[in-house]
Protein chains: 2
Amino acid sequence: MITRNPSLTDQVKEHIKERIASDGFEGGRIPPEVELANDLGVSRTTVRDALSRLEHEGTIYRRQGAGTFVREQGLQIKSRLEDIWSYEQVLEDHGYVPSVRVISEKEMVADPMTVEALGVGPEDTVLVIEKLFLEDEDPVIMTINRIPSRYLTDTEFTNDEATPIYEFIEQHCNRTLSYYLSEIVPVSLDADTAEALGVEPGTLAISFDEIGFDQNDTPIVRGTSYFRDDLIRFRLLRRRSGT
Amino acid sequence: MITRNPSLTDQVKEHIKERIASDGFEGGRIPPEVELANDLGVSRTTVRDALSRLEHEGTIYRRQGAGTFVREQGLQIKSRLEDIWSYEQVLEDHGYVPSVRVISEKEMVADPMTVEALGVGPEDTVLVIEKLFLEDEDPVIMTINRIPSRYLTDTEFTNDEATPIYEFIEQHCNRTLSYYLSEIVPVSLDADTAEALGVEPGTLAISFDEIGFDQNDTPIVRGTSYFRDDLIRFRLLRRRSGT
DNA sequence: AAGTGGTCTAGACCACTAT
DNA sequence: TAGTGGTCTAGACCACTTC
């Protein structure tokens with residue numbers, strides 16, 4: 001299903017990222033845009049697109065009239081909060097090699113918050129999938145996803161519960177997960193969640209309470225995610241205006 | 001000091017925003033990019049720049065091959081987490097009319113975390129300003145800002161402590177606050193902070209632990225902010241790829 | 001004054017959606 | 001197949017920084 005070979009812009013972006021990683025820019029100074037464009041054989045616009053994205057991700061910064069520079073190592077932002085799509089990717093960004101474990105998967109009557117969030121009837125059932133994301137047997141993230149049963153086109157999952165939720169929805173709901181509306185909520189972990197994450201009950205954590213929408217803006221999944229605060233932290237680069 | 005008349009892109013962006021506000025797009029459908037470009041007498045690139053920013057802010061969304069559409073009212077994101085600059089603005093975005101109260105302002109020896117964050121000596125002093133942001137006498141946000149004494153060019157504040165921290169720094173440090181690096185941390189409020197915010201000690205809250213950098217990437221201020229979770233929530237629009 | 005990023009244009013072709 | 005957004009080019013001029 002996934003087509004698109006990487007766009008030129010993406011290729012340029014990766015090229016620059018790799019060269020940054022291998023310390024290939026003397027004094028942290030990235031060559032002028034025109035020079036990069038000539039060297040790589042693309043237009044300046046393409047180079048600028050790539051640089052803009054890297055700037056947005058916090059990898060580089062630009063000063064009009066002065067130049068473009070690599071951001072200091074310690075300052076690198078690894079997860080742009082708004083670009084998070086799969087938690088596997090979040091863990092990889094933190095330098096981990098992630099694995100996924102399905103804790104449970106069952107159909108049950110929707111709880112009140114899910115009823116309200118997804119607009120299902122109070123008697124309707126939802127498929128509830130609980131998953132754990134681990135790094136080398138160390139649990140880091142727990143997620144609970146709830147999908148209304150009526151959206152399911154089949155119930156032959158054959159271990160698909162372990163695939164990312166957006167792929168699961170494409171395969172079993174015939175819909176595409178388009179975007180999430182998320183709320184950041186501080187929580188004190190209950191006994192079950194704490195046990196799954198391998199910490200003491202009552203431990204402080206960040207959670208995301210999120211609603212996923214399909215391509216027609218229909219709410220299709222409600223997710224709740226809990227993060228081990230001692231293993232993963234969300235960082236944010238805040239700039240003055242909306243670049 | 002502030003020059004730059006609005007760029008064409010910004011003007012186009014404002015034009016579209018105003019027309020959205022006055023319900024000027026039938027069926028929430030925004031005209032094709034080429035049509036907008038012709039109508040406004042600018043190039044398609046400029047229109048695309050403006051639309052890209054509006055998309056990033058969550059005001060509109062685009063579907064390749066289909067068109068560009070106004071996002072449903074209920075889904076509009078009011079605070080883009082990464083665009084937060086002043087907390088007054090955050091409160092306004094939540095529909096409040098904010099006021100500010102200075103709790104305390106004193107010079108003292110830097111605590112270890114501030115020493116590490118700002119790279120000052122362990123004996124150096126910092127100016128610590130504690131502020132409270134209120135809505136109609138209801139405290140919503142508490143902030144603690146720490147600025148190394150050696151960056152201060154004068155100590156004649158005359159109530160300037162109540163101005164936004166970035167203005168304070170411009171006026172009394174002769175530097176410009178350029179960006180923040182923030183970490184989102186879940187906390188259980190201690191007695192003092194809880195009292196200031198008017199909640200019970202131990203109440204769960206989100207806090208930002210942030211370092212502010214000047215135009216030369218020198219860390220110049222360390223801030224800690226606490227938010228009343230029952231009065232203010234951070235929302236996030238997460239999309240599939242990094243537009 | 002020279003160099004660099006910021007803005008803008010005009011036009012081409014591609015990928016996807018609707019019908 | 002027609003229409004729309006996505007990508008890319010080549011080139012122009014401006015605003016700001018540096019020397």
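These numbers come from a predicted model, not from an experiment. Letters A, B, ... are given to chains in the order of the sequence lines, protein chains preceding strands, and every chain is numbered from 1.
For the OP1/OP2 pair of D:dC8 and a distance below 4.0 Å, the side-chain nitrogens and oxygens of A:Thr9 include at least one atom meeting the criterion. Considering only side-chain N and O atoms, A:Arg48 lies nowhere under 4.0 angstrom from the phosphate OP1 or OP2 of C:dG5. Remark: B:Thr45 is not in phosphate contact with C:dT9, judged by side-chain N or O atoms under 4.0 Å from OP1 or OP2.
The side chain of A:Arg44 has C:dG5 as its nearest neighbour among C:dT4, D:dG5, C:dG5. Set against C:dC8, D:dG5, D:dC8, the side chain of B:Thr68 has D:dG5 as its closest nucleotide. Candidate nucleotides D:dT9, D:dG5, D:dT7 were compared by shortest atom distance to the side chain of A:Ser43, and D:dT9 ranks first. Side chain of B:Ala66, nearest nucleotide from D:dT17, D:dG5, C:dA18: C:dA18.
Between A:Gln64 and A:Leu8, the residue anchored closer to the 5' end of DNA chain D is A:Leu8, taking for each the nucleotide with the nearest heavy atom. Summary of the strand contacts: A:Gly41 and A:Arg63 both lie near DNA chain D, and taking for each the nucleotide with the nearest heavy atom, the more 5' one is attributed to A:Gly41.
Straight-line distance from the CG atom of A:Asp49 to the P atom of C:dG5: 15 Å, rounded to whole Å. When rounded to the nearest whole Å, the span between CZ of B:Phe69 and P of D:dG3 equals 16 Å. Atom CD in B:Glu33 sits roughly 15 Å away from atom C1' in C:dG11 (whole-Å rounding). Distance, A:Ile16 CD1 to C:dG5 P: 11 Å, rounded to whole Å. Taking atom NZ of residue B:Lys13 and atom C1' of nucleotide C:dC8, one finds them 18 Å apart after rounding to whole Å. One can place CZ of A:Arg29 at 10 Å from C1' of D:dT17, the figure rounded to the nearest angstrom. Whole-Å rounding puts the B:Arg62 CZ to D:dG6 C1' distance at 9 Å. Distance CD (A:Gln11) to C1' (D:dT7): 12 Å, rounded to an integer number of Å.
Using a 4.0 Å heavy-atom cutoff across all strands shown, B:Thr46 reaches sugar-phosphate atoms only and no base atom. Among the heavy atoms of the strands lying under 4.0 Å from A:Val42 are primed sugar atoms or P, OP1, OP2 only; no base atom is included.
In the model, A:Ser149 has a side-chain atom that pairs as donor or acceptor with a side-chain atom of A:Thr125 under 3.5 Å.
Checking side-chain atoms of A:Ser207 against main-chain N and O of A:Val185 turns up a donor-acceptor pair under 3.5 Å.
Here the CG-CD1 distance, from A:Leu91 to A:Ile232, works out to 5.0 Å after rounding to the nearest 0.5 Å.
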side-chain hydrogen bond (donor to acceptor under 3.5 Å, both in side chains) for A:Thr68 and A:Arg63? Distances and angles first, verdict last. CA-CA 6 Å; A:Thr68 303; A:Arg63 295 227 197 93; over 6 Å; no

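Using a 30° and 60° split on the angle between ring planes, B:Tyr87 and B:Phe227 fall in the perpendicular class, above 60°.
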